[in-house]
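Take a look at the structure below.
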Amino acid sequence: MRLRAWAELLRVSALFTVPGDALAGAAALGVRPRRGTALAVGASLCLYEAGMALNDWADREEDARDRPHRPIPSGRISPRAALAAAGALTAAGLALASRAGRPALVVSSALAATVWAYDLKLKHTVAGPVAMGAARALDLVLGAVATAPGTPGPSLRAALPSAAILGTHTAAVTTVSRREAEGGSSAAPLAALVATLALGAVAARRTSPQSPNELGAVSSIAGRAGNVLPGGHQRATRARPAIEDTSGRRPGRRDGPRSFTDAENTPRIVTAALATAYAATAAHPLLHAALNPSPPLTQRAVGGGIRAMIPLQGALAARGGAVGVGLGVMALVPIARALARKVSPT
């Protein structure tokens, strides 16, 4: 019984939406996951669960009124134990990140500060969704700088477009979640639905590292002016041909139709499929909530938005050339879905 209470407090069914952040961050660099990536995943899991425990501690009075079945108001877990767990998990997360290098420790410290600021101060303010989106974006950046700690600047720049996509999705879902207890507003789920479809279209595109438009496109979806992503950094996924082709055709282009197994086409196909899965997972419950913003349908929309992070992370990994990683991330979907039937992710 006590184990189930902790599973509810920590929302373990949502835990499987976390590893893909670091893996997508590594994929943005065009490299395979390394030891630093694994340390970033461990740090992310600890900091995520710290935020869950701290969230219920901070909301214990509100939950006593609106959600008395939660572990703290029901008396199954004491407030002191929840706060202690949040502190211990935060310390563990920072310790793991420090093993991946100083840049990872800096980013994880910023992530931890954002999580604590959100739960204790910003959650019920207009800055709440932005803070939560920033936390997810920082989590992806953590994976990038932990994977390549020797080049934090280029790693950060390479990870920014994917971080912006993931952060914007998180901010949209967080905005919907602010009314999941009482419902009554179609505006938030409708706006999140539009954002989901737009983000899915952006995530489906495999742009070159030199493309300057992607980060600005994501920023416009979020309703903010976007900064242009500086070009010039190279992704280590395809070497320059030793002999230049002077035929006027694109390098590697063949006469005749391409095969679906073509090495250049496969990442595009997988990226598009995973981006479509992301949009479908999030859009369906959001549409229902927009048409009927009742508490149950709003909660389903939030749950769908949380589960949709997994195919979104998979798409972001695949668009960086890590097709196997993207498909591996998708393998977490049935596990998360099965646990969600037993422990709510919201």
[atom2] on [Y] to [atom1] on [X], rounded to 0.5 Å:
X: Ile306; Y: Ser177; atom1: CD1; atom2: OG; result: 7.5 Å
X: Arg157; Y: Leu160; atom1: CZ; atom2: CG; result: 9.0 Å
X: Trp116; Y: Leu54; atom1: CH2; atom2: CG; result: 5.0 Å
X: Met309; Y: Thr281; atom1: CE; atom2: OG1; result: 12.5 Å
X: Glu180; Y: Ser294; atom1: CD; atom2: OG; result: 12.0 Å
X: Tyr48; Y: Leu89; atom1: OH; atom2: CG; result: 13.0 Å

Are [Y] and [X] connected into the same hydrophobic cluster when the rule is that any two of I, L, V, M, F, W, Y join if their side-chain heavy atoms are below 4.5 Å apart?
X: Leu166; Y: Val18; answer: no
X: Val329; Y: Val323; answer: yes
X: Leu138; Y: Leu156; answer: yes
X: Val176; Y: Leu287; answer: yes
X: Leu332; Y: Val325; answer: yes

For the residue pair [X] and [Y], what are the closest heavy atoms and their distance?
X: Ala104; Y: Leu142; value: O-CD1, 3.4 Å
X: Ala146; Y: Ala100; value: CB-CB, 3.8 Å
X: Ala40; Y: Ala22; value: CB-CB, 4.0 Å
X: Leu120; Y: Ala58; value: CD2-CB, 4.3 Å
X: Val141; Y: Ala163; value: CG2-CB, 4.0 Å
X: Leu312; Y: Ala203; value: CD1-CB, 4.1 Å

Does a side-chain heavy-atom distance below 4.5 Å link [X] with [Y]?
X: Leu45; Y: Pro19; result: yes
X: Leu23; Y: Leu316; result: no
X: Val173; Y: Val302; result: yes
X: Leu15; Y: Leu10; result: no
X: Val270; Y: Pro267; result: no
X: Ser74; Y: His69; result: no
X: Ile165; Y: Val202; result: yes
X: Glu8; Y: Ser344; result: no

Checklist entry - Between Val115 and Met132, does a side chain to side chain contact (heavy atoms under 4.5 Å, CB included) hold up when you go through it step by step? => result CA-CA 7 Å; Val115 168; Met132 185 59 76; over 6 Å; no

Quick one: does any side-chain atom of [X] pair with a main-chain N or O of [Y] as donor and acceptor, under 3.5 Å?
X: Arg307; Y: Ala340; answer: no
X: Ser186; Y: Ala290; answer: yes
X: Thr175; Y: Pro129; answer: no
X: Thr271; Y: Arg268; answer: no

Next on the checklist: Let's go through Arg319 and Ser162 carefully: what are the C-alpha distance in whole Å and the side-chain angles of both, what is the deciding distance for side chain to side chain contact (heavy atoms under 4.5 Å, CB included) to 0.1 Å, and is it a yes or a no?
Outcome noted: CA-CA 9 Å; Arg319 76 202 294 269; Ser162 293; 3.9 Å; yes

Item to check | Test log, rule side chain to side chain contact (heavy atoms under 4.5 Å, CB included), inputs Asp59 and His124 | outcome: CA-CA 11 Å; Asp59 287 352; His124 299 293; 3.8 Å; yes

Next on the checklist: Does atom CZ (Arg60) have a neighbourhood of more than 12 heavy atoms from anything else shown, all under 6.0 Å?
Outcome noted: yes

Checklist entry - Around Arg67, counting heavy atoms of other residues, nucleotides and ligands shown, do more than 12 lie under 6.0 Å from its CZ? => result yes

Checklist entry - Quick one: do the Arg80 and Ser78 side chains pair a donor with an acceptor below 3.5 Å? => result no

Item to check | Verdict with reasoning, Thr174 to Tyr118, per side chain to side chain contact (heavy atoms under 4.5 Å, CB included) | outcome: CA-CA 11 Å; Thr174 304; Tyr118 172 82; 3.7 Å; yes

Next on the checklist: Can you see whether Trp6 has Arg4 sitting over its ring - NZ or CZ less than 6.0 Å from the centre and within 45° of the normal?
Outcome noted: no

Checklist outcome for this item: salt bridge (charged side-chain N to carboxylate O under 4.0 Å, His left out) pairs touching residues 9-28, sequence neighbours excluded, are Arg11-Asp56, Asp21-Arg136

Next on the checklist: Listing request: all salt bridge (charged side-chain N to carboxylate O under 4.0 Å, His left out) pairs with a residue in residues 29-52, at least two apart in sequence or in separate chains.
Outcome noted: none

Checklist entry - Is there any ring pair (Phe, Tyr, Trp, His ring centres under 6.0 Å) pair reaching into residues 135-192, and which pairs are they, with sequence neighbours excluded? => result His169-Tyr278

